[in-house]
Amino acid sequence: MPRPLSYPLRHELGIIVVSVCIALALAYTNAMKQLLRSAEGIEGLGSFIAGLFYTSVFTSVPAAVALGKIAVVHSLPATAFIGSIGALIGDFLIFRFVRDSISPLLAAHSARLKNISFHPAFRWALVALGFIIIASPLPDEPGIILLGLSRTKIALFAPVSFLANFLGILAIGLAARAL
């Protein structure tokens with residue numbers, strides 16, 4: 001007979017389901033387009049909002065397009081800087097959820113994962129791979145999950161996330177200007 005899910009696990013799964021529904025609603029309606037379009041005239045606000053949405057798997061493509069358009073019209077370093085602040089906030093919300101809720105649940109159910117995740121070489125490999133994923137145009141969630149599994153401290157996560165997102169947004173802006 002299968003064991004019933006514990007309350008913390010049901011609670012976390014509920015949060016995931018609700019956030020996926022919200023992200024799908026943003027991705028498949030014009031709500032995000034309208035939000036970004038209304039912020040186009042204000043460079044900083046548009047970059048910040050696009051950066052905030054740049055982190056999610058469901059909204060990263062429209063946000064990357066918006067960041068590219070903003071970078072063509074406005075200052076590229078300012079767009080990347082302000083967009084990275086928004087992306088850092090989005091990443092931080094996901095990171096706290098993964099590190100504080102998902103990682104302990106995974107570790108509790110897998111003794112092998114728990115033993116491996118304490119090895120320093122493995123932890124630094126996860127941090128490096130997480131950095132590469134966050135810097136790429138791919139959604140940030142897989143990289144954030146790796147950083148959460150490696151039990152990265154917030155003091156390391158914040159500059160890593162900011163720098164990775166800054167480089168990623170800078171690359172998008174350079175590509176948009178070249179086209």
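Hydrogens, waters and symmetry mates play no part in the numbers below; they use all other heavy atoms, side chains included.
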Checklist entry - Closest approach of S75 and T79, non-hydrogen atoms and distance? => result O-OG1, 2.7 Å
Next on the checklist: Please give me the minimum heavy-atom distance between H74 and R177, naming the atom from each residue.
Outcome noted: O-NH2, 2.8 Å
Next on the checklist: With a 3.5 Å distance limit and no angle check, can you tell me whether T152 reaches the backbone of L147 through a side-chain donor-acceptor pair?
Outcome noted: yes
Throw together a table of side-chain donor-acceptor distances under 3.5 angstrom for residues 125-136, partners on residues two or more places apart or in other chains.
from: S136; atom 1: OG; to: I133; atom 2: O; distance (Å): 2.7
from: S136; atom 1: OG; to: L138; atom 2: N; distance (Å): 3.2

Item to check | ILVMFWY cluster, V65 and L45 together (side-chain gap under 4.5 Å) | outcome: no
Checklist entry - F48 and V73: same hydrophobic cluster, using ILVMFWY side-chain contacts below 4.5 Å? => result no
Next on the checklist: Quick one: does any side-chain atom of T55 pair with a main-chain N or O of L52 as donor and acceptor, under 3.5 Å?
Outcome noted: yes
Checklist entry - Can you tell me how far the CG atom of L88 sits from the CG atom of L93, to the nearest 0.5 Å? => result 9.5 Å
Checklist entry - Sub-3.5 Å donor-acceptor pair from the side chain of S161 to the main-chain atoms of F157, do we have one? => result no
Checklist entry - Of all heavy-atom pairs between A63 and A50, which one has the smallest distance, and what is that distance? => result CB-O, 3.2 Å
Checklist entry - Do I154 and R96 have side chains that get closer than 4.5 Å, going by heavy atoms? => result yes
Checklist entry - For the atom pair CD1 (I49) and CD1 (I82), what is the distance rounded to the nearest 0.5 Å? => result 12.0 Å
Checklist entry - With side chains defined as the heavy atoms from C-beta onward, is the minimum distance between S84 and I169 less than 4.5 Å? => result yes
Checklist entry - Shared ILVMFWY cluster between V72 and L174, side chains joined below 4.5 angstrom? => result no
Next on the checklist: Give me the atom names and distance for the closest heavy-atom approach of G173 to A71.
Outcome noted: CA-CB, 3.6 Å
Item to check | In one Ile/Leu/Val/Met/Phe/Trp/Tyr side-chain cluster, 4.5 Å: L76, Y54 | outcome: no
Checklist entry - For F81, which residues count as a side chain to side chain contact (heavy atoms under 4.5 Å, CB included) partner, sequence neighbours excluded? => result I85, F162, F166
